[in-house]
Amino acid sequence: MHPRFAKILDQLPTSLRDVVTPMLGDDFAASFSQDQIQQLLAASQLAERELRLALLPLAAACSVAPISRFFVGAIACGLSGRWYLGANMEFAGQGLFHSVHAEQSAISNAWLSGETGISEITVNYTPCGHCRQFMNELSTAKALKVSLPDTISTLQAFLPHSFGPADLDISDALMSPQHHDLTLSSDDALVLAALAAARQSYAPYSQDFAAVALEFNDGRIFCGRYAENAAFNPSLPPMQMACAHAVLNGADLGEVRRAVLIENSKGQISQQDAARSVLKALGKVELEYQAV
Ligand code: THU
Ligand code: ZN
C-alpha cells in the first residue's frame with residue numbers, strides 16, 4: 001500500500017477500513033469498481049452518498065499541496081458505476097495557475113479511464129468558481145450533482161446564470177467521445193500513447209487537439225489529454241492532467257524520464273511553452289515535441 005494511505009486509515013470507520021484496506025494494494029488505480037463499492041456498502045452499512053463522504057480522506061491523501069497545505073479530495077461517479085478519486089496538485093516554484101483542482105483531477109481520472117460522463121461529484125470543500133465553470137463543460141453538466149459534507153445540490157444551483165459551450169455555439173461537451181484524425185508513423189510506445197490521447201482530447205475552441213505522455217523510471221506511462229473550456233482560462237492543459245493522473249496512480253513526479261507532447265499542427269494555439277514550464281518544476285527532462 002502507498003504510504004500516503006497508511007497514514008490516514010485511522011480516519012475511516014473501522015468497518016470500512018477493514019474492507020477497503022485490501023483494495024489499496026500497489027496496483028490501486030485511484031478508483032473503485034461496482035463490485036468493490038457493493039462490498040464497501042455492505043460492510044459499512046452506509047448509504048452511497050455517506051460512503052463517498054467516508055472515503056474522501058483517501059482522495060485527499062493523494063493531494064500534493066506544497067504551497068497552500070490545503071488538501072482537497074474529490075470522488076466522481078462515472079456513468080458506468082465506477083467511482084474515481086481526485087486530489088489537488090500544486091507545483092512548487094511555478095505560477096499558481098498551473099495548479100490542478102481536486103474536481104479536475106477526479107474528472108480527468110474518470111475521462112482517461114473511458115467514462116463518457118459523471119453523474120455526481122463529492123468534495124470535502126465547496127467547489128470554487130473555476131471548478132464550477134470547468135464542470136459546466138461536461139456532457140452531464142445539466143444533471144450533475146455536487147455533494148458536500150453538509151449538503152447536496154445540482155451544479156446548476158451552484159452556478160446560476162451560467163456561461164457555457166452553447167454561448168460560443170458549441171454543441172460538443174467534455175467527456176463526450178472524441179476521435180480526431182491525427183496521424184504519424186512511429187514505433188516509439190510513448191509517442192504512440194501521446195498520439196492516441198491527443199486523438200481523444202477536447203479542444204472545440206482552438207482545435208489544438210493535444211496530449212502529453214510521461215514515462216517514469218519504472219517504465220510506467222501516464223497520459224493527459226487537453227480539456228478545453230468555453231471560458232478559456234479554466235481549460236486544463238495536457239501536462240497538468242498527465243501529472244495529476246500519474247500522482248493519483250502513486251507515481252513520483254521526480255521519477256519522470258521522458259515527456260512527449262503531441263498536438264495538432266492546424267490548431268490556433270500551442271501547449272509547448274506551458275508544458276515546458278511545468279516540466280521545469282519536475283527536474284531536467286527535456287520536452288519531446290511533435291506537431292502532426
Ligand atoms: N482547490 C481545489 O482543489 N478545489 C476547489 O474548488 C477549491 C480549491 C485547491 C486548489 C489549491 O491547490 C488549493 O485548494 C488552495 O486553493
Ligand atoms: Zn476549484
Side-chain angles (χ1 to χ4, degrees), residues 4 8 11 30-31 52-53 55-77 83-112 118 120-138 140-141 144-164 174-175 202 224 226-249 251-253 274 277-278 280-282:
R4 61 190 173 178
I8 57 88
Q11 293 177 28
S31 66
R52 284 192 292 276
L53 289 170
L55 290 170
L56 278 178
L58 291 173
C62 299
S63 163
V64 179
I67 302 168
S68 68
R69 315 294 304 162
F70 188 67
F71 307 115
V72 188
I75 300 178
C77 301
W83 293 359
Y84 299 87
L85 307 191
N88 60 327
M89 187 181 57
E90 302 165 358
F91 294 90
Q94 296 297 317
L96 296 182
F97 57 85
H98 287 308
S99 308
V100 178
H101 290 215
E103 296 87 332
Q104 293 179 303
S105 164
I107 291 163
S108 303
N109 190 4
W111 190 34
L112 291 166
I118 62 165
E120 188 164 321
I121 188 158
T122 306
V123 199
N124 57 353
Y125 296 100
T126 189
C128 74
H130 165 106
C131 285
R132 295 176 197 198
Q133 185 66 48
F134 183 80
M135 293 190 287
N136 202 38
E137 194 79 22
L138 289 169
T140 49
L144 180 64
K145 291 198 201 101
V146 177
S147 170
L148 301 176
D150 57 355
T151 181
I152 179 165
S153 185
T154 60
L155 171 66
Q156 296 309 317
F158 275 94
L159 194 67
H161 313 289
S162 67
F163 176 80
L174 181 58
M175 291 185 79
Y202 174 76
Y226 182 32
E228 214 157 58
N229 188 277
F232 286 20
N233 299 67
S235 301
L236 183 61
M239 179 62 86
Q240 273 85 334
M241 191 184 292
C243 290
H245 197 57
V247 164
L248 281 180
N249 279 273
D252 172 356
L253 293 181
S277 90
V278 173
K280 249 198 326 208
L282 308 184

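In listed order, ligands and their atoms are each counted from 1. As a basis for the values below, the full set of heavy atoms in this structure was taken, side chains included, without hydrogen atoms, waters or symmetry mates.
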Exercise for review: Check each heavy atom of Met89 against ligand 1 and say whether those closer than 4.0 Å belong to the side chain, the backbone, both or neither.
Suggested key: neither
Revision key, fill the gap. Residue, atom and distance of the protein heavy atom nearest atom 16 (O) of ligand 1 read Phe70 CD2, 4.7 Å
Review point. Quick one: which ligand 1 atoms are inside 4.0 Å of a heavy atom on Glu103?
Key: 2 (C), 3 (O), 4 (N), 5 (C), 6 (O)
Check your understanding: Mind checking whether Ala65 has a heavy atom under 4.0 Å from ligand 1?
Key -> no
Review point. Judged by atom type as modelled, is there a donor-acceptor pair below 3.5 Å linking the side chain of Arg132 to the main-chain atoms of Pro127?
Key: yes
Point to revise | ligand 1 versus Cys131: contacting region, heavy-atom distance under 4.0 Å | key: side chain
Review point. Which of the numbered atoms in ligand 1 are below 4.0 angstrom from a heavy atom of Pro127?
Key: 6 (O)
Exercise for review: Say whether, by atom type as modelled, one donor and one acceptor occur between the side chain of Asn136 and the main chain of Phe163 under 3.5 angstrom.
Suggested key: yes
Point to revise | Residue list, salt bridge (Lys or Arg N to Asp or Glu O under 4.0 Å) with Glu120, at least two apart or on another chain | key: Arg52
Practice item. Measure from the side-chain N and O atoms of Ser105 to the backbone N and O of Ala87, and report whether any donor-acceptor pair falls under 3.5 Å. Key: yes
**Study point:** Check: Ser68 N/O within less than 3.5 Å of ligand 1 N/O
**Key:** no
Point to revise | Steps toward side-chain contact (heavy atoms from CB on, under 4.5 Å) verdict (Val278, Gln240) | key: CA-CA 8 Å; Val278 173; Gln240 273 85 334; 3.7 Å; yes
Study note, to complete from the structure: One checks the Zn ion (ligand 2) and counts protein N, O or S atoms under 2.8 Å, reaching 3
Review point. Hey, is ligand 1 close enough to Ala102 that some N/O pair sits below 3.5 Å?
Key: yes
**Study point:** Ser99 and ligand 1 - part of the residue with a heavy-atom distance under 4.0 Å
**Key:** neither
**Study point:** Proximal atoms of ligand 1 relative to Glu90 (non-hydrogen, under 4.0 Å)
**Key:** 11 (C), 12 (O), 13 (C)
Check your understanding: What residue and heavy atom of the protein are closest to atom 9 (C) of ligand 1, and at what distance?
Key -> Asn88 ND2, 3.5 Å
Practice item. May I ask you to identify the nearest protein heavy atom to atom 6 (O) of ligand 1, giving residue, atom name and distance to one decimal place in Å? Key: Cys128 N, 2.9 Å
Review point. Is there a donor-acceptor pair under 3.5 Å between the side chain of Gln133 and the backbone N or O of Ala231?
Key: no
Revision key, fill the gap. Contact region, His101 to ligand 1, non-hydrogen atoms below 4.0 Å, reads both
Point to revise | Check: Asn229 main-chain N/O paired with Ser235 side-chain donor or acceptor under 3.5 Å | key: yes
